[in-house]
Amino acid sequence: HAKRAFMEQVCFYDSEIGTNMRDQRHLAEALKLALQNDDLELHYQVQKSLSQNLEILGFEALLRWQHPKLGPISPEIFIPVAEENGLIFSLGEWVLRSACVDAVTWDPHLKIAVNVSAVQLMDPNLPHLVHTVLVETGLSPNRLELELTETALMKDRMQSLHIMRQIRSLGVGIALDDFGTGYSSLEILHAFSFDKIKIDKSFVHDIEDDRKSLAIVRAVLALGKSLDIPVLAEGIETHNQVSILRAEGCDEGQGFLLGRPSSLKELIWQDNLKSNPPINESKLA
Ligand code: C2E
Ligand code: MG
Ligand code: MG
Ligand code: MG
């Protein structure tokens, strides 16, 4: 019910605010203030091993913004606004630094995944920024993974390739996010090197009753195997999806069933940030 209400809200913003230039400008201004006033927060969603008995591997940082009047606004709405007016650079830097500051306090085997937008990827200074933040925070590079989408990489292939190589040479991993939703998924896999493939949640969602979705998931898993890239399934919501994905040999999973995005406080409270607690399958939901 809460989810439906949330979706309705998102759709409302999408049609009302998204198309209205004045509101667009209002959002941009409000977002700038939010960044200055520290009204933004990172939530973290757990990523678990499907093969290794649901061991916690790390967390994905997801940006949250509580607008003083409008309430929570989805990143699907405000990230494009930030990309449009250039605020994404300072916003992205804030996200990267905050995520590393938080992650360095966790058990050292836990990784942190940070989303990077298409516009950030066009910034030739990005590798230097990543390096600086790692040095400043003391986070070991192999604990950081940047999530990029196909669409972001295709904006300027040469530039993306160049920036991505520099980032990987720091020892930072690159995950291909929302795999299968772009226009040139296979070409992307061919041209770039990834440390992880994240199957988009739309395929996982339908895996139980749509043969086509299952076939696509199988094909991605086979690709991952033969390219030697671990595959993570996004948007896992049911036990049945876990069983199917496991049977198909999917390495890792993320989704509401395994854990909702939570504040750092909640995670500390749940005691999820220490060295591997033995995971009890019956505690799954
Ligand atoms: P994403 O990177 O693909 O993140 C996964 C999205 O799926 C998140 O939405 C997450 O809350 C949602 N999700 C997780 N598990 C489930 C599930 O089981 N079912 C369903 N239906 N959804 C699930 P969220 O937090 O609203 O973020 C949406 C998108 O906004 C992200 O997609 C990412 O592209 C972007 N985003 C979020 N935070 C940042 C950020 O810090 N920087 C940038 N550049 N983009 C961000
Ligand atoms: Mg992501
Ligand atoms: Mg995704
Ligand atoms: Mg997405």
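A quick note: this is a predicted structure, and the numbers were derived from the prediction, not measured.
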Let me confirm one number: the [atom1]-[atom2] distance from [X] to [Y], rounded to the nearest 0.5 Å.
| X | Y | atom1 | atom2 | result |
| --- | --- | --- | --- | --- |
| Gln36 | Asp38 | CD | CG | 11.0 Å |
| Asn272 | Leu264 | CG | CG | 11.0 Å |
| Ile197 | Ile229 | CD1 | CD1 | 4.0 Å |
| Leu227 | Ser193 | CG | OG | 9.5 Å |
| Lys48 | Glu252 | NZ | CD | 13.0 Å |
| Met164 | Ser169 | CE | OG | 11.5 Å |

Less than 4.5 Å apart, side chain to side chain, heavy atoms only: is that true for [X] and [Y]?
| X | Y | value |
| --- | --- | --- |
| Leu273 | Ile268 | yes |
| Ile56 | Asp107 | no |
| Leu153 | Leu176 | yes |
| Leu63 | Leu42 | yes |
| Asp39 | Leu33 | no |
| Leu134 | Val172 | yes |
| Leu223 | Leu186 | yes |
| Pro72 | Gln66 | yes |

Open item on the list: Using the salt bridge (charged side-chain N to carboxylate O under 4.0 Å, His left out) criterion, which residues pair with Glu29? Sequence neighbours excluded.
Closed with: Lys32
TODO: Applying salt bridge (charged side-chain N to carboxylate O under 4.0 Å, His left out), name anything that partners Glu136, two or more places apart in sequence or on another chain.
DONE: Arg97
Please give me the minimum heavy-atom distance between [X] and [Y], naming the atom from each residue.
| X | Y | answer |
| --- | --- | --- |
| Ala152 | Ser160 | O-OG, 4.0 Å |
| Gly253 | Leu50 | N-CG, 3.7 Å |
| Ile163 | Leu121 | CD1-O, 2.8 Å |
| Leu87 | Ala28 | CD2-O, 4.3 Å |
| Pro75 | Pro80 | O-CD, 3.6 Å |
| Gly235 | Val204 | O-CG1, 3.9 Å |

For [X], all residues meeting side chain to side chain donor-acceptor pair (under 3.5 Å), sequence neighbours excluded:
| X | result |
| --- | --- |
| Ser263 | Glu266 |
| Gln120 | none |
| Thr132 | none |

Would you list the pairs meeting salt bridge (Lys or Arg N to Asp or Glu O under 4.0 Å) in which at least one residue belongs to [range], sequence neighbours left out?
| range | result |
| --- | --- |
| residues 108-129 | none |
| residues 212-232 | Arg218-Glu248 |
| residues 140-165 | Glu145-Lys196, Glu147-Lys198, Arg157-Glu187 |

Indicate, with yes or no, if [Y] and [X] share a hydrophobic cluster defined by side-chain heavy-atom contacts under 4.5 Å among Ile, Leu, Val, Met, Phe, Trp and Tyr.
| X | Y | result |
| --- | --- | --- |
| Leu91 | Ile77 | yes |
| Val101 | Ile112 | no |
| Val104 | Leu267 | yes |
| Ile216 | Leu214 | yes |
| Leu148 | Leu96 | yes |

Is there a donor-acceptor contact under 3.5 Å linking the side chains of [X] and [Y]?
| X | Y | answer |
| --- | --- | --- |
| Glu60 | Gln45 | no |
| Thr238 | Asn240 | no |
| Tyr44 | Asp102 | yes |

Open item on the list: Set out, in order, the CA-CA distance, both residues' side-chain angles and the distance that settles side-chain contact (heavy atoms from CB on, under 4.5 Å) for Asp177 and Glu234, then state yes or no.
Closed with: CA-CA 9 Å; Asp177 205 352; Glu234 296 191 281; 3.2 Å; yes
Task: side-chain contact (heavy atoms from CB on, under 4.5 Å) evaluation trace for Leu40 with Leu31 - done: CA-CA 9 Å; Leu40 301 169; Leu31 187 56; 4.2 Å; yes
- [ ] Take Ile244 and Val217 through the side-chain contact (heavy atoms from CB on, under 4.5 Å) test and state the conclusion after the steps.
- [x] CA-CA 10 Å; Ile244 295 171; Val217 168; over 6 Å; no
Open item on the list: Once side-chain contact (heavy atoms from CB on, under 4.5 Å) is applied, do any residues pair with Ala222, and if so which ones, sequence neighbours excluded?
Closed with: none
TODO: With sequence neighbours excluded, tell me which residues meet side-chain contact (heavy atoms from CB on, under 4.5 Å) with His205.
DONE: Glu237
- [ ] Could you walk me through whether Leu144 and Leu170 pass the side-chain contact (heavy atoms from CB on, under 4.5 Å) test, one step at a time?
- [x] CA-CA 10 Å; Leu144 177 64; Leu170 297 172; over 6 Å; no
Open item on the list: According to ring-ring contact (aromatic ring centres under 6.0 Å, His included), does anything in residues 165-194 pair up with another residue at least two apart or in another chain? List the pairs.
Closed with: none
TODO: Any ring-ring contact (aromatic ring centres under 6.0 Å, His included) involving residues 50-92? Give me the pairs, sequence neighbours left out, ordered by first then second residue.
DONE: His26-His67, Phe59-Trp106, Trp65-His67, Trp65-Phe78
Donor-acceptor contact present, side-chain [X] to main-chain [Y], <3.5 Å:
| X | Y | result |
| --- | --- | --- |
| Asp251 | Val231 | yes |
| Asp195 | Ile174 | yes |
| Ser243 | His239 | yes |

